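The structure appears below as structure tokens.
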Amino acid sequence: MTATVTFIAPTTVDAFSTPAGAIVYVYEDPDGSLSSDCTGCGEFAWTLAVSRDFARAHAAECLRRPRRTRPLLLAA
């Protein structure tokens, strides 16, 4: 017997800019719930209370500049 596992990634449904130039992305998960992720402060939110308004309010208040991304270092 073979089991098949299918992973369905969240879909980006909105994005809001912060005053410092970061972006708060809003995702819709396969179950219909929303989550958000801020490229400035790094806040990730997933609760039943997350909405586009929640993400918009965070974007208006977050003053952290976008975080630099560093390449992933792999051990030899």
Side-chain angles (χ1 to χ4, degrees):
M1 177 183 254
T2 303
T4 302
V5 176
T6 304
F7 176 74
I8 301 174
T11 304
T12 303
V13 294
D14 222 331
F16 303 104
S17 296
T18 69
I23 300 173
V24 177
Y25 291 101
V26 180
Y27 305 100
E28 183 172 352
D29 298 316
D31 65 359
S33 64
L34 295 179
S35 58
S36 66
D37 184 30
C38 179
T39 64
C41 69
E43 178 184 85
F44 176 79
W46 181 88
T47 68
L48 295 176
V50 171
S51 66
R52 284 181 169 89
D53 291 335
F54 176 89
R56 187 180 294 116
H58 178 78
E61 296 172 359
C62 184
L63 301 177
R64 301 279 305 265
R65 294 188 343 196
R67 293 173 291 152
R68 285 185 16 203
T69 57
R70 289 187 261 165
L72 180 62
L73 300 176
L74 301 176

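Values below: all heavy atoms of this structure, side chains included; hydrogens, waters and symmetry mates excluded. Note that the coordinates shown come from a computational prediction; the quantities given were computed from them, not determined experimentally.
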(request) Using salt bridge (charged side-chain N to carboxylate O under 4.0 Å, His left out) as the criterion, list what pairs up with Arg64, not counting sequence neighbours. (result) none
(message) Test side-chain contact (heavy atoms from CB on, under 4.5 Å) on Ser36 and His58; report intermediate values, then the result.
(response) CA-CA 10 Å; Ser36 66; His58 178 78; over 6 Å; no
(message) According to salt bridge (charged side-chain N to carboxylate O under 4.0 Å, His left out), does anything in residues 12-21 pair up with another residue at least two apart or in another chain? List the pairs.
(response) Asp14-Arg52
(message) Taking Ile23's backbone N and O only, do any of them form a donor-acceptor pair with Thr39's side chain (distance below 3.5 Å, no angle check)?
(response) yes
(request) Just grab all the side-chain hydrogen bond (donor to acceptor under 3.5 Å, both in side chains) pairs involving residues 16-27, residues at least two apart or on different chains. (result) none
(request) Indicate the atoms forming the closest heavy-atom contact of Ala20 with Pro66, along with that distance. (result) O-CD, 3.6 Å
(request) Check whether Phe54 and Val13 end up in the same hydrophobic cluster, where Ile, Leu, Val, Met, Phe, Trp and Tyr are linked by side-chain heavy atoms less than 4.5 Å apart. (result) yes
(message) Can you tell me how far apart CD (Glu28) and OG (Ser33) are? Round to the nearest 0.5 Å.
(response) 8.0 Å
(message) Taking salt bridge (charged side-chain N to carboxylate O under 4.0 Å, His left out) as the cut-off, I'd like each qualifying pair that reaches into residues 29-45, sequence neighbours left out, listed once.
(response) none
(message) How close do Ala55 and Val26 get, counting heavy atoms only, and between which atoms?
(response) CB-CG2, 3.4 Å
(request) Can you sort out the partners of Arg56 under side-chain contact (heavy atoms from CB on, under 4.5 Å), two or more places apart, ordered by chain and number? (result) Phe16, Asp53
(request) Determine the minimum heavy-atom distance between Cys62 and Cys38, stating which atoms define it. (result) SG-SG, 3.8 Å
